[in-house]
Amino acid sequence: MECFRSLLVPQLAKLRDPTYATLDFIYMELVELAGELNYKVFSRFPDLLAMVNDITNKKLTDLKAQTEEILDILLEGEMNTVFTNDAKY
């Protein structure tokens, strides 16, 4: 079992960087898209546009942090998975 774990954990650890890079990419795309949409809707009201952009960016940042926590839990769970041949387990 330790042999399997010693082979699996380094491979799973390699997923960490691409996972967070993908999250960062998606976050930046959403920020850009939201900014464009906010501009189209609120361009006639500059003060309101600034407020909506701030609220949108804060919400996206909060959601990104929540997603990072979920990804941490998932990756840790996968790295701590116990491999067993016990049928009762």
Roughly how far, to the nearest 0.5 Å, is the [atom2] atom of [Y] from the [atom1] atom of [X]?
| X | Y | atom1 | atom2 | answer |
| --- | --- | --- | --- | --- |
| Met51 | Thr56 | CE | OG1 | 11.0 Å |
| Leu33 | Glu29 | CG | CD | 8.0 Å |
| Leu48 | Ile55 | CG | CD1 | 8.5 Å |
| Leu71 | Arg16 | CG | CZ | 9.5 Å |

Linked, directly or transitively: Val41 and Tyr39 (ILVMFWY side chains, under 4.5 Å):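 Same hydrophobic cluster.
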
Smallest separation among heavy atoms of Asn53 and Gly35, with atom names: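 Reported closest heavy-atom pair: OD1-CA, 4.1 Å.
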
Heavy-atom closest contact (Val52 atom, Phe42 atom, distance):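 Here Val52 and Phe42 meet closest at CG1-CE1, 3.7 Å.
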
Using atom types as modelled, flag every donor-acceptor pair under 3.5 Å from a side chain in residues 19-26 to any protein atom, sequence neighbours excluded.
{"from": "Thr19", "atom 1": "OG1", "to": "Leu15", "atom 2": "O", "distance (Å)": "2.5"}
{"from": "Tyr20", "atom 1": "OH", "to": "Asp72", "atom 2": "N", "distance (Å)": "3.4"}
{"from": "Tyr20", "atom 1": "OH", "to": "Asp72", "atom 2": "OD1", "distance (Å)": "2.1"}
{"from": "Thr22", "atom 1": "OG1", "to": "Pro18", "atom 2": "O", "distance (Å)": "2.8"}
{"from": "Asp24", "atom 1": "OD1", "to": "Lys64", "atom 2": "NZ", "distance (Å)": "2.8"}

Short side-chain donor-acceptor distance under 3.5 Å, Thr61 and Tyr27: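 Result is yes, a qualifying pair exists.
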
Test salt bridge (Lys or Arg N to Asp or Glu O under 4.0 Å) applied to Asp54 - qualifying residues, sequence neighbours left out: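 With sequence neighbours excluded, Asp54 shows a salt bridge (Lys or Arg N to Asp or Glu O under 4.0 Å) to no residue whatsoever.
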
Close side-chain approach of Gln66 to Leu63, heavy-atom, < 4.5 Å: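 When only atoms from C-beta onward are counted, Leu63 and Gln66 do touch, with a gap below 4.5 Å.
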
